[in-house]
Asks: 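Quick one: the structure is below, questions incoming.
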Amino acid sequence: MDSIHSGCVPVILYDEYELPFNNILDWRKFSVIINKDIAHLVEQILESISDSKFIELHHNTVKVQRHFEWNSPSRRYDAFHMIMYELWLRHLVLAQASY
């Protein structure tokens with residue numbers, strides 16, 4: 001979250017955990033996700049990213065920043081609204097499973 005807040009493209013060493021708002025946001029569009037099994041290749045993987053791809057990732061990171069911000073009072077599409085929406089989605093899944 002700190003990297004997103006700072007406007008940096010997040011680099012995630014994937015360890016099979018669920019990323020925040022994973023059902024809403026496509027993390028592959030604004031971050032670099034590296035499987036933990038090839039973590040030793042991080043430097044090579046990052047160096048292989050083209051300038052145009054990095055610009056695209058950075059642009060998308062800036063676009064999703066507002067979804068990770070806490071505001072008081074809350075603002076449309078900020079972290080509070082994202083959490084409420086994610087909870088609503090989970091509620092729908094649970095409600096459908098009970099039918």
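Heavy-atom basis, side chains included; hydrogens, waters and symmetry copies ignored.
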Asks: If you measure from OH on Tyr14 to CG on Asn35, what distance do you get to the nearest 0.5 Å?
Replies: 8.0 Å
Asks: What's the spacing between Ser6 OG and Gln65 CD if we round to 0.5 Å?
Replies: 8.5 Å
Asks: Restricting to side chain to side chain contact (heavy atoms under 4.5 Å, CB included), what partner residues turn up for Phe68, sequence neighbours left out?
Replies: Met1, Ile4, Pro20, Phe21, Leu25, Trp27, Val64
Asks: Which other residues belong to the hydrophobic cluster containing Ile55, where Ile, Leu, Val, Met, Phe, Trp and Tyr are joined when side-chain heavy atoms lie under 4.5 Å apart, directly or via other members?
Replies: none
Asks: With the side chain counted from C-beta on, respond yes when Asn60 and Asp26 share a heavy-atom pair under 4.5 Å apart, and no when they do not.
Replies: no
Asks: With sequence neighbours left out, what residues match Leu92 under side chain to side chain contact (heavy atoms under 4.5 Å, CB included)?
Replies: Trp88
Asks: Provide the closest heavy-atom pair for Thr61 versus Phe30 in the form atom of the first, atom of the second, distance.
Replies: OG1-O, 2.9 Å
Asks: Under a single-linkage rule joining Ile, Leu, Val, Met, Phe, Trp and Tyr whose side-chain heavy atoms are separated by less than 4.5 Å, which residues share a cluster with Val42?
Replies: Val9, Val11, Leu13, Val32, Ile34, Ile38, Leu41, Ile45, Leu46, Ile49, Phe54, Leu57
Asks: Could you note down all residue pairs passing salt bridge (Lys or Arg N to Asp or Glu O under 4.0 Å) where residues 37-52 supplies at least one of them, sequence neighbours left out?
Replies: none
Asks: Is there a donor-acceptor pair under 3.5 Å between the side chain of His67 and the backbone N or O of Tyr77?
Replies: yes
Asks: For Val62, what are the other residues in its hydrophobic cluster, where any two members join if their side-chain heavy atoms are less than 4.5 angstrom apart?
Replies: none
Asks: About how many Å separate SG of Cys8 and NE2 of His58, when rounded to the nearest 0.5 Å?
Replies: 7.0 Å
Asks: Apply side chain to side chain contact (heavy atoms under 4.5 Å, CB included) to Arg76 and list each qualifying residue two or more places apart in sequence or on a separate chain.
Replies: none
Asks: Could you tell me which residues satisfy side-chain hydrogen bond (donor to acceptor under 3.5 Å, both in side chains) with Ser52, sequence neighbours excluded, listed by chain and number?
Replies: Ser50
Asks: Could I get the full list of salt bridge (charged side-chain N to carboxylate O under 4.0 Å, His left out) partners for Lys29, not counting sequence neighbours?
Replies: none
Asks: Can you sort out the partners of Asp78 under side-chain hydrogen bond (donor to acceptor under 3.5 Å, both in side chains), two or more places apart, ordered by chain and number?
Replies: Asn71, His81
Asks: For the atom pair CD (Glu86) and CG (Asn23), what is the distance rounded to the nearest 0.5 Å?
Replies: 5.5 Å
Asks: Under the rule for side-chain hydrogen bond (donor to acceptor under 3.5 Å, both in side chains), what residues qualify as partners of Arg90, not counting sequence neighbours?
Replies: Glu18
Asks: Partners of His59 by side-chain hydrogen bond (donor to acceptor under 3.5 Å, both in side chains), sequence neighbours excluded?
Replies: none
Asks: If hydrophobic clusters are built from ILVMFWY residues whose side chains come within less than 4.5 Å, do Leu87 and Phe80 share one?
Replies: yes
